[in-house]
There are 2 protein chains.
Amino acid sequence: MQIGDVADRSGLPAKTIRYYEDIGLVTPARDTNGYRVFGESDMHRLSFVARARALGFTIKQCRSLLELWGDQERASADVRAVAGEQLVKIEAKIADLEAMRDTLSRLMHDCSGDARPDCPILDTLGGDAAKVATPLEVEPQARVARRR
Amino acid sequence: MQIGDVADRSGLPAKTIRYYEDIGLVTPARDTNGYRVFGESDMHRLSFVARARALGFTIKQCRSLLELWGDQERASADVRAVAGEQLVKIEAKIADLEAMRDTLSRLMHDCSGDARPDCPILDTLGGDAAKVATPLEVEPQARVARRR
DNA sequence: ATGGGGTGTCCAGTCACTGGAAGGTCAAGA
DNA sequence: TCTTGACCTTCCAGTGACTGGACACCCCAT
């Protein structure tokens with residue numbers, strides 16, 4: 001198989017597959033003309049990575065997972081640990097994004113969105129607490145005394 | 001004010017503030033010793049950006065919002081448009097992450113997480129549909145015929 | 001022989017910072 | 001006066017995971 005076939009079958013762009021070779025995730029053989037030659041096992045590795053990436057695993061985690069995948073002596077607890085770590089990060093990101101979404105949609109709701117300049121969105125971003133019901137404040141930190 | 005004070009008051013790292021100067025978000029004056037000197041308006045701009053970034057706006061969007069903020073002739077509809085664009089992106093990201101979370105937590109649930117090697121997480125990533133209830137398949141795309 | 005669609009390498013750019021090195025500035029303490 | 005140490009400066013490089021583009025080679029069909 002050459003790179004285009006693998007790209008089609010794995011769903012990964014050829015560029016990405018070359019990149020994965022670059023960083024050592026796959027090591028396809030080479031034809032006499034210099035073209036990469038992928039075997040079924042390369043194909044499986046790439047599909048594995050594609051699925052793992054789709055679940056949000058980092059390349060580093062993919063490396064660990066690939067290693068565990070190839071290790072018949074593995075403990076499923078080790079796999080579970082990697083997945084759990086990822087799940088925690090995803091949940092944190094969701095929480096962050098939900099907070100953003102809530103604030104944004106409240107601001108959108110409060111903004112008339114017409115030709116007039118009055119805008120609670122800008123008021124909030126500008127920190128104009130007087131004009132805003134629930135402002136988004138950034139508390140200043142304590143700091144060593146400054147001269148001048 | 002010098003950069004440290006602004007950093008404390010805006011919550012942004014000094015490095016980031018220098019970076020923001022670099023990309024033209026603020027243009028603080030300079031003291032005779034070369035130190036940056038920030039006025040209240042610089043401070044407000046930076047706090048504005050900090051809040052906008054906290055809501056997930058890109059630097060580019062921050063630029064637009066800053067411009068609208070300074071424009072007395074603005075229409076709140078323009079602000080609302082930027083915010084709406086951002087809200088859509090955030091909602092899409094949340095949906096993506098929730099899908100990942102759901103799949104991951106299902107896999108975690110199915111994985112014993114003990115010393116044995118059997119692991120539905122790896123089975124799924126490996127595309128071993130036979131072992132998995134609801135596999136995560138990547139459909140191959142149609143493609144121009146390939147020789148060899 | 002020509003055309004077109006593959007494939008190869010290499011370099012640069014993305015985004016928004018962040019880390020680190022090497023050095024200048026200033027006020028307070030010994 | 002000298003030193004210490006907190007602050008400040010610039011510049012360069014790295015992050016993650018690709019992605020785009022330039023340019024050239026390979027191969028088959030017409």
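Here is the naming used below: chain letters follow the sequence lines, and residue numbers restart at 1 for every chain. All values below come from the heavy atoms of this structure, side chains included, with hydrogens, waters and symmetry mates left out.
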>> I need the residues from residues 57-69 of chain B with at least one non-hydrogen atom less than 4.0 Å from DNA chain D; give them sorted by number, or say none.
In response: none
>> Which residues in residues 12-22 of chain A have a heavy atom closer than 4.0 Å to any atom of DNA chain D?
In response: A:Pro13, A:Lys15, A:Thr16, A:Tyr19, A:Tyr20
What distance do [X] atom [atom1] and [Y] atom [atom2] have between them, rounded to the nearest 0.5 Å?
X: A:Lys15; Y: A:Ile3; atom1: NZ; atom2: CD1; result: 10.0 Å
X: A:Phe48; Y: B:Leu122; atom1: CZ; atom2: CG; result: 5.0 Å
X: B:Cys111; Y: B:Asp123; atom1: SG; atom2: CG; result: 9.5 Å
X: B:Ile59; Y: B:Ile23; atom1: CD1; atom2: CD1; result: 4.5 Å

> Over its full length, what angle do the end axes of the helix from C:dA1-D:dT30 to C:dA30-D:dT1 make, each axis taken from five pairs and the result rounded to 10 degrees?
Replying inline: 30°
In whole angstrom, give the distance that lies between atom [atom1] of [X] and atom [atom2] of [N].
X: B:Asn33; N: C:dG24; atom1: CG; atom2: P; answer: 14 Å
X: B:Leu25; N: C:dC15; atom1: CG; atom2: C1'; answer: 13 Å
X: A:Tyr35; N: D:dA24; atom1: OH; atom2: P; answer: 16 Å
X: B:Lys93; N: C:dC15; atom1: NZ; atom2: C1'; answer: 11 Å
X: B:Ile3; N: C:dT18; atom1: CD1; atom2: C1'; answer: 14 Å
X: B:Arg30; N: D:dC8; atom1: CZ; atom2: P; answer: 12 Å
X: A:Gln2; N: C:dG8; atom1: CD; atom2: P; answer: 7 Å
X: B:Arg36; N: C:dC26; atom1: CZ; atom2: P; answer: 16 Å

> Any side-chain heavy atom of A:Arg74 within less than 4.5 Å of one from A:Glu67?
Replying inline: no
How close do [X] and [Y] get, heavy atom to heavy atom, and via which atoms?
X: B:Leu55; Y: A:Leu104; value: O-CD1, 4.1 Å
X: A:Val37; Y: A:Asp42; value: O-OD2, 4.1 Å
X: B:Asp118; Y: B:Ser112; value: O-OG, 4.4 Å
X: A:Ala83; Y: B:Ile121; value: CB-CD1, 3.9 Å

>> Salt bridge check, A:Glu21 against A:Arg30: does any charged N sit closer than 4.0 Å to a carboxylate O?
In response: yes
> Do B:Lys89 and B:Glu85 meet the salt-bridge criterion of a basic N to acidic O distance under 4.0 Å?
Replying inline: yes
> Considering only D:dC18, D:dC27, D:dC7, which nucleotide approaches the side chain of A:Arg53 most closely?
Replying inline: D:dC18
